[in-house]
**Student:** 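Sharing a structure, written as structure tokens. Questions coming.
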Amino acid sequence: MAAPLSIQLEFGGGAELLFDGIRKHQVTLPSQPEPWDIRSLLAWIKENLLKERPELFVQGDTVRPGILVLINEADWELMGELDYQLQDQDNVVFISTLHGG
Amino acid sequence: MAGAGPAARLPEADGLPAPEENPIPPPLPLRTELSRLEIQRYSRQLVLPETGVRGQLRLSACSVLVVGCGGLGCPLAQYLAAAGVGRLGLVDHDVVELSNLHRQVLHRESRLGTSKARSAAAALREINSAVQCVPYELALGRDTALQLVRAYDVVADCSDNVPTRYLVNDACVLAGKPLVSASALRLEGQLAVYGYRGGPCYRCLFPKPPPPETVTNCADGGVLGVVPGILGSLQALEVLKIATGMGTSFHQAMLIFDALEGRFRHIKLRPRNPDCAVCGDNPSVTALQDYEQFCGSSATDKCRMLCLLSSDERVSVEEYKQILDDKVHHVLVDVRPLVEVDICRLPQAVFAPLSKLQEKDEGCLKSLVQRICEARQPSSENKAFPVYVVCKLGNDSQKAVKILQGLSYQGLGLISVKDIKGGLMAWANKINPEFPQY
């Protein structure tokens, strides 16, 4: 059994608008048989935090195109993307890319 | 953006030479010394060991293509011209509008309605007449981009839409030019240098374009002028560092700025992706594509026009004016966000933001139904009671009509819901010129 994890989620670049405009969420992921990874975190967010129109945030089992995921201030691709195993007190940021100028 | 090649020519309103007389200027000469006046002018940066005479000479031999002369392009070009860059290519197909002036700080009230590329060039010549400013009054397209990018040393993406960002990226990769890219919206900004010294290109990071419905422009989302000002200035800094030989801090990193928190985040990015479609080892993109098709959106930041309703579910502003003049009993529902209602409103409107309707907010729906029931005359119980929906431009109003058509409340009775085509901005344009436009 993986112990419960306390992590900080942040949303920016407009992605926060799908979460009532709230940018920072301190959340506790419950204990579960498998270790928590980004894949299961996304499923948890979809189930527990997303209010409306989940397709604007997740597509399939990953984030929609145009959202950059940062794990502890680094591009998630350097960390193993969906397979990264979350640690207690991790910081995960979802940034929607901006195009305006 | 299709078809707007160098042949597109606007009347000469400002007395500047037409840009197409010399669209691709020859390479800048490499100089070996600075003049007395140059030494005086640039003395404060010449004494910096990081630039020095060598850096200043490199800068004077450097040409920078500025894609977009708006909120990012203006401060960027201003600092590059002041610092003594050799040449600035200024690309913009748009004209200066009143709603640009809060952030596009090279443009002047006296230049409203004139080309942004030429307006910027004129302002920059006043700052530093030694800098060659070449305006290109065109929307960068697949037919023009590569030729232009090849003619410059560094490219600054100061554009305002998704297709142009992919186009500029691909052109830079194909031409082997560093791309200094920034973007800004609301109170946030992002900056990165793409395709430089083993770092990723824009496509390495974003292989697939975002769904069009997730993209917000400055007109819809708003932007505080100083935010692109900060990002454009940072962008100028990175161009100067590359041009003078200092290198950049962002070839494999992104800077994310949150103005509300006053916070900069420096994010380490992935390296170049060997499987990238354009900069990978076996690229599938070897020539420029149709980027509007690739992104499913047009290459402007103008607001999209939705078409969700049939014509008998919509009225024009003229028809709605007639309804008012004929004193027809009805309810007008304004579905804009509260912050926009505060800017301007029609006196007879009731307010129900689209977001509340979309989440089926009980309080909002109940008070709306109550207002409709109050307005409905007892004699017309059997006839469908007219409800009109309005927003800023006539897009959200269509979504709201779809929602309200499905409304079923006890005691509501039959209603006929239509939207007002073109919204309040059409009302301002065609019916009441005193009504504010924003």
Side-chain angles (χ1 to χ4, degrees), chain A residues 8-26 38 42 46 49-84 90-101, chain B residues 67-68 70-73 103-104 157-165 181-186 188-190 200 202 204-211 213-223 227-228 231-232 252-254 256 258 260-261 265-271 273 301 355 358-359:
Chain A
Q8 176 160 274
L9 300 177
E10 289 184 59
F11 302 94
E16 74 281 5
L17 300 176
L18 298 168
F19 300 88
D20 276 344
I22 299 169
R23 289 167 172 272
K24 288 187 184 175
H25 301 247
Q26 192 70 41
I38 299 289
L42 287 173
K46 191 174 169 182
L49 288 183
L50 261 177
K51 302 258 150 63
E52 289 282 317
R53 302 194 288 169
E55 72 280 6
L56 299 186
F57 187 69
V58 283
Q59 284 184 8
D61 69 348
T62 189
V63 291
R64 65 138 172 100
I67 290 181
L68 192 61
V69 185
L70 313 171
I71 302 168
N72 301 328
E73 311 279 295
D75 184 353
W76 72 329
E77 199 182 91
L78 300 167
M79 310 288 281
E81 287 201 345
L82 291 168
D83 297 322
Y84 171 78
D90 270 351
N91 173 266
V92 185
V93 185
F94 299 89
I95 294 268
S96 183
T97 52
L98 306 175
H99 307 93
Chain B
V67 181
L72 296 164
R103 67 186 190 284
Q104 303 184 10
D157 188 347
C158 305
S159 70
D160 57 13
N161 65 82
V162 187
T164 302
R165 293 198 177 265
S181 179
S183 56
L185 186 71
R186 300 191 186 97
E188 290 179 90
Q190 298 166 355
Y202 189 68
C204 293
L205 221 50
F206 306 108
K208 285 188 205 163
E213 65 272 22
T214 65
V215 177
T216 308
N217 60 23
C218 289
D220 284 342
V223 63
V227 175
L231 269 294
Q252 203 181 317
M254 181 184 279
I256 297 174
D258 178 341
L260 210 53
E261 284 204 27
R265 267 199 157 97
H266 192 283
I267 301 299
K268 189 172 168 14
L269 291 180
R270 64 197 74 175
N273 174 10
D301 77 334
S355 60
Q358 279 171 330
E359 65 192 40

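Every chain is numbered from 1 and lettered A, B, ... according to where its sequence line falls, protein lines coming before strand lines. Here the structure is a predicted model, which is why all the values come from computation and not from measurement.
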**Student:** Indicate the ring-plane relationship of F57(A) and F11(A), choosing parallel, tilted or perpendicular according to the 30° and 60° boundaries.
**Tutor:** perpendicular
**Student:** Go through E359(B), Q358(B), K208(B), E188(B) and name the one with the most non-hydrogen pairs under 4.5 angstrom from chain A.
**Tutor:** E188(B)
**Student:** Is there a donor-acceptor pair closer than 3.5 Å between any side-chain N or O of R270(B) and the backbone N or O of P200(B)?
**Tutor:** no
**Student:** Hey, mind stepping through D90(A) and N72(A) against side-chain hydrogen bond (donor to acceptor under 3.5 Å, both in side chains) and telling me if it holds?
**Tutor:** CA-CA 6 Å; D90(A) 270 351; N72(A) 301 328; 3.0 Å; yes
**Student:** Select one option (side chain, backbone, both, neither) describing which atoms of D258(B) are under 4.5 Å from chain A's heavy atoms.
**Tutor:** side chain
**Student:** Quick one: which of M254(B), R103(B), E261(B), Q104(B) has the most heavy-atom pairs under 4.5 Å with chain A, could you say?
**Tutor:** E261(B)
**Student:** Given heavy-atom pairs under 4.5 angstrom as the criterion, report whether the side chain, backbone, both or neither of S159(B) touches chain A.
**Tutor:** backbone
**Student:** Looking at K24(A), is its backbone amide N or carbonyl O close enough to the side chain of E10(A) to form a donor-acceptor pair, meaning the two atoms are under 3.5 Å apart?
**Tutor:** no
**Student:** Counting only heavy atoms closer than 4.5 Å, note whether V223(B) contacts chain A via side chain, backbone, both or neither.
**Tutor:** neither
**Student:** What part of P207(B) gets closer than 4.5 Å to chain A, counting heavy atoms only: side chain, backbone, both or neither?
**Tutor:** neither
**Student:** Find the distance between NZ (K268(B)) and CD (E73(A)) and round it off to the nearest 0.5 Å.
**Tutor:** 13.5 Å
**Student:** Is a side-chain donor or acceptor of R64(A) paired with a backbone partner of Q59(A) at a separation under 3.5 angstrom?
**Tutor:** no
**Student:** Heavy-atom distance under 4.5 Å to chain A: side chain of I256(B), backbone, both or neither?
**Tutor:** side chain
**Student:** Would you mind checking which part of L18(A) comes under 4.5 Å of any heavy atom in chain B, side chain (CB onward), backbone (N, CA, C, O), both or neither?
**Tutor:** neither
